[in-house]
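Quick caveat: nothing in here was measured; it's all calculated off a predicted structure.
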Amino acid sequence: MADMTEDTPTQTAAPVEERPGWRRETTIFLTGQTVSLFGSMLVQYAVMWHLTLETKSGGVMALYAVFGFLPQAVISIFGGVWADRLDRKKLIIGADATIAVVTLTLAMFMAAGATDLWLIFVAIAIRSAGAGIQMPAVAALLPQIVPADKLMRVNGINGTIQSAMMLVAPAAAAAVYASMSIVAVFYIDVVTAVIGIGLLLLVTVPRLVRSDEKLSYFGDLVGGVKYIATHAFVRWILVLYAVVFVLIVAPSFLTPLMIVRTFGEEVWKLTVNELAFSIGMVLGGAAVAAWAGKWNRVRMILVSTLVFGVISIGLGLSTNLWVFFAFMFLLGLSVPAFSTPSFTVLQETVEPEMQGRVFGFVGIVMALSMPFGMAVFGPLADTFSVESLLLWAGVALLLVVALALAVPGGRRSMRAANEHASV
């Protein structure tokens with residue numbers, strides 16, 4: 001891993017607004033992240049298909065989920081602190097390089113004939129840990145190179161690109177995996193990681209001066225926990241993320257099961273289901289990037305959350321396949337209206353020297369909430385219909401939001417959120 005010594009800058013960097021060439025820097029940064037993301041998504045789909053086809057075991061897929069999510073949640077605790085203590089650019093490069101080396105090693109073992117599952121699980125776990133390091137560092141680095149009044153647009157563009165990858169990556173992974181092998185997918189991921197690192201090396205990231213005295217690592221960790229515990233707006237965002245991931249993201253993973261049970265087992269129906277959601281996300285991200293720059297961030301977050309609840313109810317009540325696909329399209333369309341403003345408003349309001357720790361906790365919430373939701377809704381789907389689970393999950397989300405707005409603590413959090421919103 002690259003040398004990641006602690007920053008010891010002697011002067012404060014010029015405000016991003018005054019830096020020439022920020023568009024070039026941002027374009028290079030997002031291009032590198034997109035190339036790296038493409039390789040990572042190829043591996044994600046290829047490994048999932050490989051384990052499914054080779055083992056046909058639900059237990060193996062459960063282990064895949066554990067190794068794929070749990071390390072990210074654990075390491076995010078430390079990754080957030082590292083993102084505030086170390087050079088974020090070097091941190092991202094170091095994590096990417098480590099993941100590339102591990103992936104290359106796995107590819108060489110499998111090319112030599114090693115097929116032990118533990119090799120794949122170890123590689124997946126290390127890749128997951130790398131994501132726990134990268135996510136808070138990337139989220140905290142972006143405001144260092146992008147002017148504050150352009151963050152919403154840039155985040156929207158980035159979200160649109162990531163959504164587009166959800167359309168391209170599965171097809172590319174299927175083509176490579178079917179025509180060659182999973183080893184070829186691993187080699188492609190290594191190449192994309194090298195390209196991503198090379199592009200990031202071209203980006204000039206201003207150094208930050210922390211307003212607080214340099215603390216020990218443990219002091220920084222405790223400081224991050226205290227910051228979140230006493231910051232009503234940040235708590236509000238984290239709780240909302242947890243609720244949405246448990247009640248909406250997790251049940252949405254059961255929609256293929258609903259299609260098979262209710263509308264038939266034809267593969268094209270499952271494909272259209274994924275396409276409807278992904279196309280919706282692409283168009284939603286483009287709309288946010290184009291028009292949402294001046295909209296109230298908190299209002300967008302709240303409205304999109306309520307829309308999630310209504311759409312989930314609509315999915316549960318759908319008796320026509322094409323109506324169901326229309327609701328999946330609307331769900332995808334609504335996601336950027338939640339994710340983009342929530343990330344943007346955190347970048348705009350949290351102090352730069354605290355952003356790594358805050359986004360580290362965001363990563364923890366995201367990495368734990370979805371598996372927790374699946375642990376609840378997955379077994380329930382074997383007893384109750386998926387339609388009923390989607391219906392009641394949507395109702396529960398609407399009730400949670402209504403309750404949060406009704407109780408004094410919820411109203412205080414909303415006031416704090418609006419006070420911190422930039423527009």
Side-chain angles (χ1 to χ4, degrees), residues 1-9 13-14 16 19-44 72 75-76 78-104 126-147 150-151 153-162 164-165 168-169 186-208 343-344 347 352-353 355-356 359-360 362-363:
M1 186 174 290
D3 178 26
M4 296 177 292
T5 56
E6 294 184 7
D7 291 338
T8 55
V16 175
R19 295 178 65 244
W22 71 266
R23 287 183 174 84
R24 172 185 172 277
E25 302 282 349
T26 303
T27 300
I28 293 174
F29 177 71
L30 293 184
T31 301
Q33 292 302 299
T34 300
V35 172
S36 181
L37 173 67
F38 177 70
S40 296
M41 292 186 73
L42 288 183
V43 171
Q44 174 186 329
Q72 179 178 348
I75 207 68
S76 289
F78 311 101
V81 178
W82 292 334
D84 287 336
R85 292 178 65 86
L86 309 176
D87 186 315
R88 289 163 181 166
K89 176 179 170 180
K90 292 180 181 179
L91 195 63
I92 298 169
I93 291 173
D96 238 352
T98 301
I99 291 173
V101 170
V102 169
T103 304
L104 179 61
I126 295 175
R127 293 176 63 89
S128 176
I133 295 173
Q134 286 179 302
M135 184 277 215
V138 169
L141 183 145
L142 201 56
Q144 291 181 248
I145 60 176
V146 178
K150 300 296 192 299
L151 271 172
R153 184 179 300 274
V154 170
N155 281 326
I157 293 172
N158 191 30
T160 304
I161 294 172
Q162 293 184 18
M165 288 298 98
V168 176
F186 292 152
Y187 286 138
I188 292 174
D189 182 53
V190 173
V191 172
T192 58
V194 171
I195 294 173
I197 291 172
L199 290 174
L200 184 52
L201 288 172
L202 301 177
V203 178
T204 301
V205 181
R207 309 287 292 275
L208 285 177
F343 259 66
T344 301
Q347 291 169 332
E353 64 267 28
Q355 287 190 11
F359 282 111
V362 171

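- Annotation: the span from Q355 atom CD to R88 atom CZ amounts to 6.0 Å, rounded to 0.5 Å.
- The distance from atom CD of Q33 to atom CD of Q134, rounded to the nearest 0.5 Å, is 6.5 Å.
- Listed for the D96 side chain is no donor-acceptor partner under 3.5 Å among the backbone atoms of A193.
- For the pair L104 and Y187, the minimum side-chain heavy-atom distance is below 4.5 Å.
- In this structure, D87 CG and I92 CD1 are separated by 9.0 Å, a value rounded to the nearest 0.5 Å.
- Minimum interatomic distance between G356 and A83 (heavy atoms only, all atoms of both residues): CA-CB, 3.7 Å.
- Taken from CG in L141 to CZ in F359, the straight-line distance is 11.5 Å, to the nearest 0.5 Å.
- A distance of 9.0 Å separates CG of L151 from OG1 of T26, quoted to the nearest 0.5 Å.
- In this structure, F38 and V35 have side chains that are not in contact, with every pair of non-hydrogen atoms separated by 4.5 Å or more.
- At a threshold of 4.5 Å between non-hydrogen side-chain atoms, the residues N158 and F29 do not count as touching.
- Annotation: the span from S36 atom OG to I99 atom CD1 amounts to 7.5 Å, rounded to 0.5 Å.
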* Might you work through the side-chain contact (heavy atoms from CB on, under 4.5 Å) test for I75 and F78, ending with a clear yes or no? => CA-CA 5 Å; I75 207 68; F78 311 101; 4.1 Å; yes
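- With no hydrogens or angles considered, a side-chain donor-acceptor pair links N155 and Q347 at under 3.5 Å.
- Two residues are said to be in side-chain contact when any heavy atoms from C-beta on lie closer than 4.5 Å; R127 and Q44 fail this criterion.
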Under 3.5 Å, side-chain donor or acceptor atoms of residues 194-203 against the rest of the protein: list the pairs with distances, not counting sequence neighbours.
none

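- M135 is not listed as a side-chain neighbour of S76, based on a closest heavy-atom distance of 4.5 Å or more.
- Residues S128 and Q72 share a closest heavy-atom pair of OG-N, 2.9 Å.
- P136 approaches G360 most closely through the heavy-atom pair CB-N, 3.6 Å.
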